[in-house]
Amino acid sequence: MPLQSGLPNTLNQLMTTAKTKTTFFSNLTTQILLAMILGALIGVFVHTKYDVASATAFSGYIKLLATLFIRLVQMIIAPLVFTTLVVGIAKLGDIKAVGRIGGKAMGWFFTASFISLLIGLFWVNVLQPGIGLHLTSVDLSSAAEVTEKTTSFSAQNFVEHIIPKSIVEAMATNEILQIVIFSIFFGLAAAAIGQDSKPVINALDKTSHIILKMVNYVMKFAPIGVFGAIAGVFAVRDFSELLLTYAKFFGSFMVGISTLWVVLLLVGYLFLKSRMTVLLKRIVSPLIIAFGTTSSEAVFPKLTEELERFGVKDRIVSFMLPLGYSFNLDGSMMYMTFASIFIAQAYGIPLDLPTQLTMLLVLMLTSKGIAGVPRASLVVVAATCGMFKIPVEGIALILPIDHFCDMFRSATNVLGNALATSVVGEWENKDQNSTTN
């Protein structure tokens, strides 16, 4: 074959290969995975080569990257929840539709929460990671920050916390549940007024699209945020040493969280069939971001966008996700029963089955609506321990390994909410089709 005729084909092949490589490295998921690996390597290098003071200082500075990314996300959460939820409810058109979807949502949330708690209860009793635990070097004073928050943790405060005193205050502090309550009332009122409210709804609809465009800009910083979070943790913590010390606890926790994933995925396949694979491909980036930053809140805007691309109607997504972030934290729920009973085992406090089931029901109620509270799972665990005469300082036993558990909890919370939103969206489509036919 002449050189001249072979050259264009060769050039085309090289250009195609170059484009494929460029697409691979420009993919957000790939960038985040590379950022996690690079962050871990740099963190380990700093931890091994520098003294504790220098490593701590480095960790503080590098974590600023993660803090900046999370603050960028938090900046758009409140307006995104308000605009999308109000528009979604106004498009639903009546209180019956809101009640129907809300009923399905709460039915899913409480069922998923109960199963998650039950899985944690089952595995902590079977594997008994707290039995025979000897951690003499644990600093009990390290739990002071968490235990102080339990003093204001009560049923009365929970009920008061649901209703916002001011929507401005709720938005300023990113209280998702409070914003949801106000938005539901606002949306229902707008739907009741009818045509006269259309200019306002249209304006909010356009605003939500602008905010979703902002999401695309903010997500470009995700790899930088994940890099900072991972590097900061590995710079000050010896993961291999922690894993040896907490091998039984962490291994048992991983068995529990893996079981929960299997259950969630099986239920997802039961309802979504072959579309489940498409959903998983859509939410890979949100899952990895939540895993790297230990914040399911950090992926709220991105998850909203991906679920709409998956095919869930925007009015369903805007209604379900904010509720899910307050009522459907599956990974956190599983951890709560697991950690509470682990602490009791570590202190040699026997808990019979009725007591454990009572604890499960208490956790089911007290854990709702605490999204956005720093270390929310630990606060609930500490409060529950106090109710059942288990030493609250026992929280210090799990603090050293909690960050790594939180990575898996956060990713599981994202998976649970993605599934809940997709399944309820599927139910709605089937109901509407059957009504039309």
Residue pair [X] / [Y]: nearest heavy atoms and the distance that separates them:
| X | Y | value |
| --- | --- | --- |
| P129 | V124 | CD-O, 3.7 Å |
| M320 | A420 | CE-O, 3.6 Å |
| I179 | A78 | CD1-CB, 3.7 Å |
| Q178 | A170 | OE1-CB, 3.5 Å |
| L188 | I89 | N-CG2, 3.6 Å |
| S116 | L260 | OG-CD1, 3.5 Å |

Would you say the side-chain atoms of [X] pair up with the backbone N or O of [Y], donor to acceptor, closer than 3.5 Å?
| X | Y | value |
| --- | --- | --- |
| T294 | M407 | no |
| K389 | G386 | no |
| D330 | N413 | no |
| T304 | F300 | yes |
| R237 | H47 | no |
| Y246 | L397 | yes |
| S59 | G232 | yes |
| Y335 | L117 | no |
| S340 | T337 | no |

Side chain to side chain contact (heavy atoms under 4.5 Å, CB included) evaluation trace for L323 with N328: CA-CA 8 Å; L323 283 177; N328 191 44; over 6 Å; no
Other residues, nucleotides, ligands: >12 heavy atoms within 6.0 Å of K213 NZ: no
Heavy atoms from other residues, nucleotides or ligands near CZ of F271 exceed 12 (cutoff 6.0 Å):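 Check passes, neighbour count above 12.
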Hey, what do you get for [atom1] ([X]) to [atom2] ([Y]), rounding to the nearest 0.5 Å?
| X | Y | atom1 | atom2 | value |
| --- | --- | --- | --- | --- |
| T29 | L34 | OG1 | CG | 11.0 Å |
| Q74 | T67 | CD | OG1 | 9.5 Å |
| I37 | I42 | CD1 | CD1 | 12.0 Å |
| I349 | F388 | CD1 | CZ | 12.5 Å |
| I184 | I181 | CD1 | CD1 | 5.0 Å |
| T173 | M171 | OG1 | CE | 10.5 Å |

F82 ring center near F186 ring center (under 6.0 Å):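 Yes, ring centres under 6.0 Å apart.
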Ring centers of F249, F338 separated by less than 6.0 Å: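 F249 vs F338: aromatic centres under 6.0 Å.
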Side-chain ion pair, D402 and R409, N-O less than 4.0 Å: yes
Side-chain ion pair, E426 and R275, N-O less than 4.0 Å: yes
Residues T355 and D352: side-chain donor-acceptor under 3.5 angstrom: yes
Between T412 and W261: side-chain donor-acceptor atoms closer than 3.5 Å: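 Short answer, yes.
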Within-4.5 Å side-chain heavy-atom neighbours: [X] and [Y]:
| X | Y | result |
| --- | --- | --- |
| L121 | Q356 | yes |
| L272 | S422 | yes |
| T84 | V317 | no |
| T83 | D205 | no |
| V73 | E297 | no |
| T384 | M336 | no |
| V87 | R315 | no |
| M359 | I390 | yes |

Side chain to side chain contact (heavy atoms under 4.5 Å, CB included) evaluation trace for L33 with V226: CA-CA 9 Å; L33 285 170; V226 170; over 6 Å; no
Stepwise side chain to side chain contact (heavy atoms under 4.5 Å, CB included) test for F253 and M334: CA-CA 9 Å; F253 166 75; M334 177 262 152; 4.1 Å; yes
Plane angle bin for F109 and F327 - parallel if under 30°, tilted between 30 and 60°, otherwise perpendicular: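 Plane angle under 30°, so parallel.
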ring-ring contact (aromatic ring centres under 6.0 Å, His included) between F250 and F404, intermediate numbers included: CA-CA 9 Å; F250 191 69; F404 298 101; 7.2 Å; no
Residue pair E308, K313: steps toward the salt bridge (charged side-chain N to carboxylate O under 4.0 Å, His left out) verdict: CA-CA 6 Å; E308 288 181 5; K313 292 179 181 177; over 6 Å; no
